[in-house]
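To keep things clear, I will list the structure first and then write my remarks on it.
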Number of protein chains: 2
Amino acid sequence: MTQDVVRGASRAGRSPAGWTEPTEDHGAQRVSERARRPTINDIARLARVSKKTVSRVINRSPLVREDTRERINAVIEETGFVPDPTARGLAFRRAFLIGMIYDNPTPQYVVNMQQGLLDGMRDSDYELVVHPCNRASPDFVTDVRNFVERQKLFGVVLPPSVSEDDRLPPILRENDCAYIRIASVALDEPDVMVVTNDHVGAAAAARHLLALGHRRIAHISGLMTFRSAHERRRGFSEALAAQGVKLTSKNVLEGAYTFESGIECAKVLLARSPRPTAIFAGNDEMAAGVLVAARQAGVSIPHDLSVVGYDDFQIAERVWPPLTTIHTPTREIGRIAADQLIRSTGDAHGIRYDSQAILPTLVVRESSGPAPAE
Amino acid sequence: MTQDVVRGASRAGRSPAGWTEPTEDHGAQRVSERARRPTINDIARLARVSKKTVSRVINRSPLVREDTRERINAVIEETGFVPDPTARGLAFRRAFLIGMIYDNPTPQYVVNMQQGLLDGMRDSDYELVVHPCNRASPDFVTDVRNFVERQKLFGVVLPPSVSEDDRLPPILRENDCAYIRIASVALDEPDVMVVTNDHVGAAAAARHLLALGHRRIAHISGLMTFRSAHERRRGFSEALAAQGVKLTSKNVLEGAYTFESGIECAKVLLARSPRPTAIFAGNDEMAAGVLVAARQAGVSIPHDLSVVGYDDFQIAERVWPPLTTIHTPTREIGRIAADQLIRSTGDAHGIRYDSQAILPTLVVRESSGPAPAE
DNA sequence: CTGAAAGCGCTTACAG
DNA sequence: CTGAAAGCGCTTACAG
């Protein structure tokens, strides 16, 4: 009946944030009688083995006799024992945590990626810790170092554009922190990369517009400090060139992957004479901006102008007209990244994913149509 | 020079996932010579005190003489000592982790909330662990229990609709896990709640439409299993009633907070004769759906129909016309929730936030206008 | 294939 | 106001 006191609202002494040292101040010891969770010692006792042997079973060591293992597993099953991640973390000098370090302006990307990472971590012993950051900040690298070092993270996943920073991998290696970089091209050893091949998606956009008869084609790229912006531009322009259409630099404007920058760039393009008949935007956000600028300029879509985006996030279906765009399986990419990160240890080393499975694909909606007759 | 072997790709023995027991198999002990981070023992030695006294300083105990404290802090500063969260976690029987348990269909909400929680956790010792879940699953409660129990979380933040589940608080209390529920109304003691007062926002929407001369007004609510759906409906209908306009149940359709449900409900409403001149949707997603349905029905917005959403997420500015909506300061709400959670311990207990600061507010854009003349 | 001892880096429970 | 001893629940480093 002292439980209420202990568990109640004040909970003094429950945490470091409250400075009270309860027993020093209050004398009386109040231990709640709640059923204690079984520990490795309980399992060892019940299975009549040493805790080291239980530890071997927990960690899937092959150096355990089959019948011993079965006996221990039976006890584990019965008691519902789950090894304490904090204690394991301390003994391993390594927390059971995987970090996602991101600096991405698109919430949909962040949530899809998170979801995918958690898909890949299911049934693992790890939890996901999120760590947004600002790549432009002078403290960026220090911040990442502190995060990884203090928490002794098992590993981190780096989506773009954090993945593109070459200052991070050496720091991670120094801290013995595994990592996976997700990027549009291979920036590192294959087993620490998930490559999204953005140039393939951009090429599909180009072929789509060419097939519709477009020849006066413009591109609004993302920020050129993002590798994906380069790759999308390259894939697009190469696929155009393959069919004899040249993407001149005059027809490429650099946006910032934001809605507003899409509007601004489109204004410039639509004011030209002759006007482009098609615009490929580096992502859906900018494509949505093109739609707004076109409406303001009295340009009808897709009759006067075709627009293609990139990402196929929710917004692509919400705007009017719905966007033709390039679908990227972000969640699946996240699942693969987590999977590869977790399996980067021990003998499973070197497993590869099927890069075909995560290739970007064209999704045709109503923002693109035949090129207008001259 | 053995470092490369240790730090290289294989990293055997680095983790439980790889079952190898390096020294058992390989004999030779390979310790990387990397500078060890200082521990509490180093600080104690350098400051010529016991580690317990250093511990007191770390945990801000007042029971330390001022000059002793200063001496220890100087050493901590010099060495860059940061106490190991894993070790503290084990000793405290409580991890330095705060969980966000969510089941929310809107990525923008999730990301804003996360960002806010991290704002509130800055300079604290905690990290944020994300835990999406499915409230409709039969394993929902068990899943949450396991998460909290195994990780020995310091606390959790429950945004809607997870916050509305009354089965959770008893489980959390049993596990001595602090919690904050974020909801549209007070469902619990004030110090474990952040109340968003959705009825206030909905009332603002109602007054806006009344001021524009609308009288034939409809509402597409969210799923009635969400408390917010009730509150928004109630606030809206009470504010209409205050000016003599009755919101009949015939003029309320239940949506599901999704874009698609917005389209479906709007189709029904727009087929009626006489047609409503204004629709208040329970969130922006459904309002976006209303826009699509109106376009299909040849109903011009805002000329023939005014539309008001709720949330003021990015989509509100991307659709056409941009949505008049109710702005909710999600990030700030998250910051307050984290702040309140962390300060729920010790003597700071009972601190309240300024509920005025997070009140929802009307944002007028182009989807609403004067009621059409009859 | 298995185990006894020591240790991971902290805090608790006392004692002074 | 301060400290020595024990302990949190695991794994490592040996030894057999």
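Keep in mind that this is a model prediction, so the values were computed, not measured. In what follows, chains carry the letters A, B, and so on, assigned in the order in which the sequence lines appear, proteins first and then strands, with residues in each chain numbered from 1.
For R71(A) (side chain) and A47(A) (main-chain N/O), a donor-acceptor pair under 3.5 Å exists by modelled atom type. Looking at R181(A), its side chain never comes within 3.5 Å of a backbone N or O of D188(A) through a donor-acceptor pair. Counting only distance, with no hydrogens or angles, the side chain of D42(B) and the backbone of T39(B) share a donor-acceptor pair below 3.5 Å. Listed for the S163(B) side chain is a donor-acceptor partner under 3.5 Å among the backbone atoms of I182(B). In this structure, T68(B) contributes its side chain and V64(B) its backbone to no donor-acceptor pair below 3.5 Å.
For P83(B), whose side chain is taken as the heavy atoms from C-beta onward, the closest listed nucleotide among dG3(D), dC10(C), dG3(C) is dC10(C). Checking dC10(C), dG9(D), dT2(D) against the side-chain heavy atoms of A87(A) singles out dG9(D) as nearest. The side chain of N59(A) lies closest to dT11(D) when the candidates are dC1(C), dT11(C), dT11(D). Among dA4(D), dC10(C), dC10(D), the nucleotide with an atom closest to any side-chain atom of K52(B) is dA4(D). Among the nucleotides dC10(C), dT2(C), dC10(D), the one closest to the side chain of A91(A) is dC10(D).
Taking the side chain as every heavy atom from C-beta outward, Q151(A) and E127(B) approach each other to under 4.5 Å.
Contact of R93(A) with dG9(C) (side chain to base): no donor-acceptor pair of N or O atoms is detected under 3.5 Å.
The stretch residues 39-51 of chain A touches DNA chain C through V49(A), S50(A), each having a heavy atom within less than 4.0 Å of the strand.
Phosphate contact (OP1/OP2 of dC10(D), side-chain N/O of T86(A), threshold under 4.0 Å): absent. At dT2(C), none of the side-chain N or O atoms of T53(A) fall inside 4.0 Å of OP1 or OP2 (strictly under the cut-off). OP1 and OP2 of dC10(C) both lie 4.0 Å or more from every side-chain N or O belonging to S55(B).
We find that CZ of R37(B) is positioned 12 Å from C1' of dG9(C), with the value rounded to whole Å. When the P atom of dG9(C) is taken as reference, atom CZ of R88(A) falls 18 Å away, rounded to whole Å. What separates CZ of R56(B) from C1' of dT11(C) is a distance of 11 Å, to the nearest Å. The separation between E149(A) atom CD and dG9(C) atom P is 14 Å, rounded to whole Å. As a whole-Å value, the separation of D84(A) CG from dC8(D) P is 12 Å. Straight-line distance from the CD1 atom of I76(B) to the P atom of dG9(C): 16 Å, rounded to whole Å.
Classification of D176(B) and R173(B) as a salt-bridged pair fails, no side-chain N sitting under 4.0 Å from a carboxylate O. Remark: R343(A) engages D339(A) in a salt bridge, criterion side-chain N to carboxylate O under 4.0 Å.
Helical stems of DNA chain D (runs of at least 3 Watson-Crick or G-U pairs, donor-acceptor distances under 3.5 Å) are listed by first residue: C:1-3 with D:14-16, C:5-12 with D:5-12, C:14-16 with D:1-3.
Of the two residues contacting DNA chain D, namely L90(B) and V64(B), the nearest-nucleotide position lying further toward the 5' end is that of V64(B).
Using cut-offs of 30° and 60° on the angle between ring planes, the pair F154(A) and Y126(A) is tilted.
Applying the salt bridge (Lys or Arg N to Asp or Glu O under 4.0 Å) test to every pair with at least one member in residues 142-159 of chain A, sequence neighbours left out, gives these pairs: E149(A)-R37(B), K152(A)-D84(B).
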